[in-house]
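No experiment lies behind these values; they were computed from the predicted model shown. Order of the sequence lines sets the chain letters (A, B, ...), proteins ahead of strands, with each chain counted from 1. Every heavy atom of this structure was used, including side-chain atoms; hydrogens, water molecules and symmetry mates were not.
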Amino acid sequence: MKRIYMDHGATTPLREEVLDAMLPYLKEKYGNPSSLHSFGREARKALDEAREKVAAGLGVAPEEIVFTSGGTEANNLAIMGVVRGIAPIKNHIITSAVEHHAVLDTVKFLGQMGYEITILPVDEYGMVSPRQVEEAITDRTILVSIMTANNEIGTIMPFEEIGAVCREKGVYYHTDAVQAIGHIDFNLREQPVDLLSLSAHKFYGPKGVGALYVRKKTKLKQVFFGGGQERKLRPGTENLPGIVGLGRAMELAVADMPEKREKLIRLRDRLVEGLLQIEDVRLNGHPLQRLPGNVNVSVLYVEGESLLLGLDLKGIALSSGSACTSGSLDPSHVLMAIGLDHQTAQGSLRFTLGKDNTDEEIDYTVEAVRKTVDYLRAMSPVYRK
Amino acid sequence: MYNEKVMDHFQNPRNVGEMDNPCGVGEVGNMKCGDIMKIFIKVENNIIQDIKFLTFGCGAAIASSSALTEMVKGKTIEEALKITNKDVADELGGLPEAKMHCSNLAADALHKAIEDYKSKS
């Protein structure tokens, strides 16, 4: 059976070019970048080059990049690191209700530790307004952390405007850009962002590596301790093969962006159009301000996990925000935050398209969804027509 | 995540559908937890002659509803009342731990249908 991958928001395949760049560092170039000998110098050179590539992709200086083990660690380092850098002079952190758990749970933890936290609600599209942020900032605010684009519903936040508000108020602005790299233009010298998280495996790089952009002079302290790597901000021997892969993936993501964006938007709109022709299917997230490859719909009268299983049997890989797949008893916090009732949230499906998806796959998928929905509705006690 | 038997019941559910003039109907679950099961029974001479189900829920919910209907058909009311949710999970060769409480409710729905039948007769 032909398999169709539409879960690029979960992870992406490694690009051949990225693997090629990494291989020498998994084989003969195994030196530790901290060593002084030729093996070490060879590794150090690769580390420096990768840092330059990531910095160039964001329009920043290489010394503003800190490599991490991925998006989760970058988010933790940004939030905990700035809090460590500034507290106890100030004690307030602002975030939104639709953040990834790596941000939301870190902020909630700080709340439990006695910090003052504000979790901003979002509108029906999952958007936070700059005005909300402005009103929430107090003279005790350390940091605002609002994502660039949402991982579930694809909504793109007005992050530049939010950043501008933060800058005016003298508050640090962190943005989780894990889903945004390769889709949104970053030129952080011009954009008012102090900290930005990214993860390589979301843009055809390897898993287990990411980075945090830390604008010069940002008061950030390390959150764990050890050697002097990454200017002491992230001790531990560098994941050099991963970092080299990240550098190459970043280079390719930026170079391919215009072409890829155009293709993904076309495929996305074709998929949305097809899915919305199925009875009682609704689009979640913003109709226009959304990531090029993201489609999130609610299919009424059926449950998401059974839809997922049914589509998996037809070879299609995607994800759902239903309680059964969220790993908790509640459906996705993002879908609840945009005001969906339980039933509508339970029947949600997320398609995240990638550069290799085709029109034929979109059409096959729409038909497969239609058949699976009909099948499940026929046995649904809440669908009686 | 699910074993072959569960997937078989998910793909080929037994006794699915609504029943005309059932002797008893039982419904459990709610939208909040994401599973709703409805069981219809037809009883003659104290024996469950026919049983049907409708389920809104995950794979485990659909499979356990389907498996229960197979277990119950032809049983007496007393025998049917002895069937527990755990028996259904065992019949399926086990369910993932996380599903044992939220989605494994078919026996509860059956017991409600029997209660409904008893209250009418």
Give a yes or no on this: more than 12 heavy atoms of other residues, nucleotides or ligands lie within 6.0 Å of atom OH of A:Tyr375.
yes
Inspect the surroundings of CD in A:Glu367 and state if more than 12 heavy atoms from other residues, nucleotides or ligands are less than 6.0 Å away.
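Result for CD/A:Glu367: enclosed.
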State, to 0.1 Å, how close A:Glu303 and B:Phe56 come at their nearest heavy-atom pair, and which atoms those are.
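Heavy atoms of A:Glu303 and B:Phe56 come nearest at N-CE1, 3.7 Å.
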Which pair of non-hydrogen atoms, one from A:Ser306 and one from B:Gly59, has the smallest distance, and what is that distance?
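It is CB-N, 4.2 Å.
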Atom SG in B:Cys58, atom CG in A:Leu309: separation rounded to 0.5 Å?
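If I round to the nearest 0.5 Å, the distance is 8.0 Å.
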Atom CG of B:Asp35 and atom CD of A:Gln346: how far apart are they, to the nearest 0.5 Å?
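It comes to 8.0 Å.
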Region of A:Ala345 that comes under 4.5 Å of a non-hydrogen atom in chain B:
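Looking at A:Ala345, nothing touches chain B.
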Kindly determine whether B:Met7 and A:Leu313 satisfy side-chain contact (heavy atoms from CB on, under 4.5 Å), including the steps that lead there.
CA-CA 10 Å; B:Met7 286 308 289; A:Leu313 289 166; 3.8 Å; yes
Let me know if B:Ile62 has heavy atoms under 4.5 Å from chain A in its side chain, its backbone, both or neither.
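Looking at B:Ile62, just its side chain touches chain A.
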Quick check: under 4.5 Å, non-hydrogen atoms only, which of [range] neighbour chain A?
range                     : answer
residues 46-55 of chain B : B:Phe53, B:Leu54, B:Thr55
residues 66-94 of chain B : none
residues 10-28 of chain B : B:Phe10, B:Gln11, B:Asn12, B:Pro13, B:Val16, B:Glu18

Check ring-ring contact (aromatic ring centres under 6.0 Å, His included) between A:His8 and all other residues, then give those that pass, not counting sequence neighbours.
A:Tyr5
